[in-house]
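Following: one structure in structure tokens, then a few remarks.
Along the sequence shown, residues carry numbers from 1. For clarity, every value in this text was computed on a predicted model and none was experimentally measured.
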Amino acid sequence: MRIGIIGAGNIGGNLTRRLTALGHEVVVANSRDPGTLAPLAQETGAKAVWVAEAVRDKDLIVVTIPEKNIPDLPAGLFDGVGADVVVIDTGNYYPQQRDGRIDDIENGMPESRWVERQLGRPVIKAFNNIYARHLLERGQPRGTPGRIALPVAGDDPEAKAVVLRIVDELGFDGVDAGGLDESWRQQPGTPVYATDHDAEGVRRALAEARPERGPEWRAG
């Protein structure tokens, strides 16, 4: 697949490493000059590009930047991007630790629904609940007992199916976590967040989630 990754932090960098190793054609961008990504590009064979190029002629786009920076992406970034191009949001809202207050999320809007509205583009929520190092190191062949499972939420069944296939390629069991309005079940502070459950454990954790955010996950 032709994959564009916007964001080269821990998750974005490790997705670049894993997806290039699987043979995908990957470009990666950050908020700065592509030259700042030269070490990652040299390590992986991915091409470092400007953000606008990361969405051009792609099959899959991954947005993996801090929530507070989503509104700073170029206006109209997705104009002209085909409706069949899948967009993954890996983000999490950390109001006290990083992002500051985002009123819509504080008032109950699921994080990825907010991201979708900022982008003007449907998204699939995935890769937000796993430690970056585990994403890099803990993938296992399909059928391995105890294989880590990852929840995938979104409204478009075809787009979600694409992401579930990518999750499997990366060495994890994908669990359909419902529509995007159910994606709060995998947000920070929920039973599935920052855990390495297998598929049965992920389904159980999603079912046990409650919509109220704990005090550490709300703006002060």
Could you tell me which non-hydrogen atom of [X] sits nearest to which non-hydrogen atom of [Y], and how far apart they are?
{"X": "Phe127", "Y": "Ile11", "value": "O-CD1, 4.0 Å"}
{"X": "Pro211", "Y": "Trp184", "value": "N-CZ3, 3.3 Å"}
{"X": "Val28", "Y": "Ala46", "value": "CG1-CB, 4.4 Å"}
{"X": "Tyr93", "Y": "Arg101", "value": "OH-CA, 3.5 Å"}

State, with a plain yes or no, whether a side-chain heavy atom of Phe172 is found less than 4.5 Å away from one of Leu135.
-> yes

Thr64 and Ile88, any side-chain heavy atoms less than 4.5 Å apart | no

Residue Tyr193 excluded, over 12 heavy atoms near OH under 6.0 Å | yes

Answer yes or no: does atom CZ of Arg117 have more than 12 heavy-atom neighbours from other residues, nucleotides or ligands under 6.0 Å?
-> no

side-chain hydrogen bond (donor to acceptor under 3.5 Å, both in side chains) partner of Asn128, chosen from Gln187, Gln186, Glu111 = Gln186

Check whether Val55 and Val123 end up in the same hydrophobic cluster, where Ile, Leu, Val, Met, Phe, Trp and Tyr are linked by side-chain heavy atoms less than 4.5 Å apart.
-> yes

Lys/Arg-Asp/Glu bridge criterion (N-O < 4.0 Å) met for [X], [Y]:
{"X": "Asp198", "Y": "Arg203", "value": "no"}
{"X": "Arg218", "Y": "Glu106", "value": "no"}
{"X": "Asp57", "Y": "Arg2", "value": "no"}

Test Glu169 against every option in His24, Arg18, Met1 by the side chain to side chain contact (heavy atoms under 4.5 Å, CB included) rule and name the one that passes.
-> His24

Side chain Asp196, main chain Ile148, donor-acceptor under 3.5 Å = no

Walk me through it: do Asp79 and Arg121 pass the test salt bridge (charged side-chain N to carboxylate O under 4.0 Å, His left out)?
-> CA-CA 9 Å; Asp79 291 352; Arg121 179 81 194 197; over 6 Å; no

